[in-house]
J.: 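Submitted below is the structure of interest, expressed as structure tokens.
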Amino acid sequence: MIKRPFAAAMARRRHPLAPLLVIVVALLGIAAVYAVVNAATAKAATSASETMVTKGSKLFAEGCASCHGLNAEGSSDGPSLVGAGAASVHFQVATGRMPLAAPGAQAMRKPPIYTEEEIQALAAYVATFGPGPAIPSAAQIDGWKTADIARGGELFRVNCAQCHHAAGSGGALTNGKYAPSLMKASPLEIYEAMLTGPQSMPVFGDASLPMEEKQQIIAYIEEMKRNNNPGGLSLGRLGPVTEGLFIWTIGLGAVIAAAVWIGAKVR
Amino acid sequence: MSNTSAAMNTSTNGNQPKLSGPLAKASAATYEYLDDRTGLSAGLRRNLRKVFPDHWSFMLGEIALWSFVVVLLTGVFLTFFYVPSATEVVYNGSYVPLKGVMISEAYASTLNISFDVRGGLLIRQIHHWAALLFVVAIVVHLLRVFFTGAFRRPRELNWVIGVGILTLALLAGFTGYSLPDDLLSGTGLRIAGGILQSIPVVGTWGVFLLFDGEFPGTAWIPRFFVAHVLLVPGLLLALITAHLLLVFYQKHTQYPGPKRTNENVVGYPLMPVYMAKAGGFFFIVFGITTLMSALVTINPIWLYGPYMPDQVTSGAQPDWYIGWLEGALRMMPPIEWTIFGYTISWNILVPSVIMPGIVMTLLALYPFIEAWVTGDKREHNILQRPRNAPTRTGLGVMALTFYVILWANGGNDIIALAFNWSINSVTTLMRVLLFVLPPIAFVITKRICLGLQRRDRDKLLHGIETGRILRLPSGEFVEVHAPVDPDEVAVLLSKEEVLPLPMPPKRDANGVRTPGYAIKALRARMSNWWYRDDVPVVTLNELESGHHHAQEQVEIAGTYGVEPTVSEEVTAGHR
Ligand code: HEM
């Protein structure tokens, strides 16, 4: 999100309360130089974010309000989004989960129907209803590129593997819910998932997993995506079940075909 | 078959290859060479001329044997590099995502085999794929023996040995699966420890004995290693040897067919034909497992990470042959009793100790149970077609259904994930199916068998329906029935006439109560249940009149330009 302390201060000081006015005047005085220097840019940023919010509000009214309410207060068809935060909206819409296509045990990942710009607009709009986790900055995300992969693996096995499988290939949860495979999620989405804890997934706030550890986990997941299966075909990385199916079908089929062939040959 | 008939009616197929040419010369030279040095002469010669019947399903046991040999060979290679120790070391090999992590030497050495020993990963994968194939082949071989009645007298003992081999194979697989000390193997070990612990009175002691203290400790790795590479394979080798010797001395059973009787064996001599085929088959099995291992990953332990007691992964499953036990455990509702301060965990005890105990005992004793019920104590060297033993076939399919449902439930989470179902619904469904499907499978299978029996009978009596309708000069319509191929007639005629045991009299002529009446009556009733609905065997008389009928038809058909041929051998195969 765009930082705009000045505009925010202006917005919050609408009430004509005397003491505050005094402070505002004082603040304005202090900020005078800054304001003069940055007037042009600040104005541009403000109007840009304002157009973002207006754009977002339009998109929201069209695509989301039917379930989440016009003021994001929630309805019988969708939860309140007050305090959900920009990161949550960005995650839900960028992964195609929202707008929800059909009610089910869990919203599914699908191709997003909004452009990145529209998603940013929606996020900015929903963020105006109350504070929540912001979309992580590029600097926060990009740290994964140099993070310790092995440490990330340990953290992943402690925090995520019980639901997402040690190789990130996904797993079933109760009552039709499931932890999806992580092989399609981008570093930004992984970060947001940890920040916001969609659905049955717990929130991993900065107290439980500081930024560096989140980056290490992302580094590990990215390594899993790249890992080119030194042993050959991976069979979906689902473990012994698919291995068992393989040996009972292709493996047994091959040796029996050979047995029949050998039996037929000499005759 | 008594050994006096070992002189063996070496009747050979008419079209058996003539033993001439370089191969025969070479083998003749080998005989002579051996003969000169050992003087084994006659005995050896006779044994090497021993005849083996030929059918692809007789190769199933051989698949098991050869995959066991492959497992032994690759296992020896693995022992050169595997370190059976729980000592913690810092991993510093070439698999980057684990670099610098503290892991056991067992896990480190397995990673080492996979990434830093030349050809190590291939050998590991061959070892594991061949181990899976080994158990698959044992099970399929067991099914062949079961459904053809090959376990009947005199081969009951070899059946029991076979069940022993199966049990040891499961043990070999489980101990091997545990050795790499990765997250999956540790999870399996934890479950095994829990199962042992659930056994009342001795359980806790058992766990302390096995792990030399609390789970997991460090003692289990060297212990499992010795069990896996020495104890279990040693016992397996001994049992497999006994198994093969018995097959050799009792001679192989054969499927019913022309010229095949309970007293002869029709097939190829052991030397050189059978030996050449068997030897060649070893290389085929080795080749197929190697190809599989070169192309498809098995047990990618590097993805699972080291075992840590505080970690689990979703999708934690055992190898397929333990899957039915996993499924039973996942299926059982949580029931626990506390008696005098002691907890009895029925939720573990029933699916993991009692149920498998009953299943394996019934399996081992099956030949004796069936013989008791049917009263059939005769020697059988001709195999039964599954349709001709409808009750057994039904029971077999019923047991198989039970097993497969347990097995499927072992992967309930994968099923739920793959088909986007609820794991709770999958489990509930399996619970219901476990009790509903097996009886249905029994009834349907038996029906199908009886239907096939009826069709066989019709075939014998009236020939094969051709679907061609003829109108006779009298205006009558008849369908042309083609005569059955004589080889097939011999097969169809293999159905034996058997009668259920008679109901014992309550008192004999002198009014004395029959001793053990209740048991005898029960047995008679069970035998009656066993044989009831069986379609009567075609008698000689029926066959002859049926034959004449067919003959007439053929004559009629002949006059209309249709030319079915009747071979004189239609009745030749009849005993
Ligand atoms: C008798 C049948 C046997 C079966 C069913 C069997 C099965 C297995 C299995 C499933 C594993 C786990 C492999 C993995 O994925 O890493 C394993 C590991 C191992 N087996 Fe066997 N095995 C058998 C016999 C043997 C024999 C005879 C030896 C040695 C003489 C042996 C040596 C080893 C070693 C050293 C390992 C651990 C190293 C590793 O996992 O890479 N096995 N075995």
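No hydrogens, no waters, no symmetry mates; every other heavy atom, side chains included, goes into these values.
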J.: Is it the backbone or the side chain of W66(B) that comes under 4.5 Å from a heavy atom of chain A, or both, or neither?
T.: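 No part of it gets close to chain A.
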J.: With respect to chain B, which residue among M108(A), R151(A), E223(A) yields the maximal number of heavy-atom pairs within a distance under 4.5 Å?
T.: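 If we count pairs closer than 4.5 Å to chain B, E223(A) comes out on top.
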J.: Does any backbone or side-chain atom of I250(A) lie under 4.5 Å from a heavy atom of chain B? Answer side chain, backbone, both or neither.
T.: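 Neither part.
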J.: For the interface with chain A, which of V136(B), N420(B), V426(B) has the highest count of heavy-atom pairs at distances below 4.5 Å?
T.: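 The residue among V136(B), N420(B), V426(B) with the greatest pair count is V136(B).
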J.: Do the ring planes of W248(A) and W320(B) sit parallel (below 30°), tilted (30 to 60°) or perpendicular (above 60°)?
T.: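 Rings of W248(A) and W320(B): perpendicular, as their planes differ by over 60°.
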J.: Could you check whether E212(A) and Q216(A), counting side-chain N and O atoms only, form a donor-acceptor pair closer than 3.5 Å?
T.: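 No donor-acceptor contact under 3.5 Å links the two side chains.
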J.: Please classify the contact between F115(B) and chain A as side chain, backbone, both or neither, with a heavy-atom cut-off of under 4.5 Å.
T.: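 Just the side chain, heavy atoms under 4.5 Å.
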J.: Output the option from A172(A), G236(A), G244(A) having the highest count of non-hydrogen pairs under 4.5 Å with chain B.
T.: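 Ranked by contacts with chain B, first place is A172(A).
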J.: Tell me, side chain or backbone of S293(B) under 4.5 Å from chain A's heavy atoms, or both, or neither?
T.: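 Contact with chain A is through the backbone of S293(B) alone.
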J.: Which answer fits I247(A), side chain, backbone, both or neither, if we ask what part of it has an atom under 4.5 Å from a heavy atom of chain B?
T.: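 Both parts, heavy atoms under 4.5 Å.
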J.: Would you confirm whether Q215(A), through its side chain, and K145(A), through its main-chain N or O, come within 3.5 Å as a donor-acceptor pair?
T.: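 Checking the backbone N and O of K145(A) against the side chain of Q215(A), no donor-acceptor pair under 3.5 Å is found.
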J.: Check whether any side-chain N or O of K177(A) sits under 3.5 Å from a backbone N or O of Q106(A) as a donor-acceptor pair, and report yes or no.
T.: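 No, because the side chain of K177(A) does not come within donor-acceptor range (under 3.5 Å) of the backbone of Q106(A).
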J.: Answer with side chain, backbone, both or neither: which region of F58(B) has an atom nearer than 4.5 Å to a non-hydrogen atom of chain A?
T.: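 Neither; nothing under 4.5 Å.
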J.: In terms of heavy-atom pairs under 4.5 Å, which option from V312(B), T313(B), L291(B), I415(B) contacts chain A the most?
T.: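 Of V312(B), T313(B), L291(B), I415(B), T313(B) has the most heavy-atom pairs under 4.5 Å with chain A.
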J.: Would you indicate whether M201(A), at its atom CE, is surrounded by more than 12 heavy atoms from other residues, nucleotides or ligands within a distance under 6.0 Å?
T.: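 Atom CE in M201(A) is crowded, with more than 12 foreign heavy atoms closer than 6.0 Å.
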J.: Does atom CZ of R118(B) have more than 12 heavy-atom neighbours from other groups under 6.0 Å away?
T.: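 Incorrect, the count does not exceed 12.
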J.: Quick one: of G251(A), P180(A), G152(A), P230(A), who has the most non-hydrogen atom pairs under 4.5 Å with chain B?
T.: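 Most heavy-atom pairs under 4.5 Å with chain B: P230(A).
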J.: Between I288(B) and chain A, with a heavy-atom cut-off of 4.5 Å, which part of the residue counts as in contact: side chain, backbone, both or neither?
T.: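 I288(B) touches chain A through side-chain heavy atoms alone.
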J.: I284(B), L133(B), L121(B): which one forms the most heavy-atom pairs within less than 4.5 Å of chain A?
T.: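 Ranked by contacts with chain A, first place is L133(B).
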J.: Which one, A167(A), G153(A), A166(A), leads in non-hydrogen pairs under 4.5 Å with chain B?
T.: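 Greatest number of close heavy-atom pairs with chain B: A166(A).
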J.: Relative to each other, are the rings of Y220(A) and F156(A) parallel, tilted or perpendicular (30° and 60° limits)?
T.: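 Judged by the thresholds at 30° and 60°, the geometry between Y220(A) and F156(A) is tilted.
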J.: Between S208(A) and F204(A) (side chain of the first, backbone of the second, donor and acceptor by atom type, cut-off under 3.5 Å), is there such a pair?
T.: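 Pair absent, no side-chain N/O of S208(A) close to backbone of F204(A).
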J.: Of all residues at least two apart in sequence or in a different chain, which pass the side-chain contact (heavy atoms from CB on, under 4.5 Å) check with L142(B)?
T.: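 Residues passing side-chain contact (heavy atoms from CB on, under 4.5 Å) with L142(B): W159(B), L166(B), L363(B).
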J.: State whether the number of non-hydrogen atoms from other residues, nucleotides or ligands found under 6.0 Å of K110(A) atom NZ is greater than 12.
T.: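 Enclosed: over 12 neighbouring heavy atoms sit under 6.0 Å from NZ of K110(A).
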J.: Pick one of side chain, backbone, both or neither for R237(A), based on which atoms fall under 4.5 Å of a heavy atom in chain B.
T.: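 Answer is side chain: those atoms of R237(A) sit under 4.5 Å from chain B.
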J.: Let's test your reading of the structure: which of V241(A), I149(A), L173(A) forms the most heavy-atom pairs below 4.5 Å with chain B?
T.: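 Ranked by heavy-atom pairs under 4.5 Å with chain B, first place is V241(A).
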J.: Counting only heavy atoms closer than 4.5 Å, note whether E243(A) contacts chain B via side chain, backbone, both or neither.
T.: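 Backbone plus side chain of E243(A), per the 4.5 Å heavy-atom cut-off to chain B.
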J.: At what distance, to the nearest 0.5 angstrom, does CD of E154(A) lie from CE of M308(B)?
T.: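 If I round to the nearest 0.5 Å, the distance is 6.5 Å.
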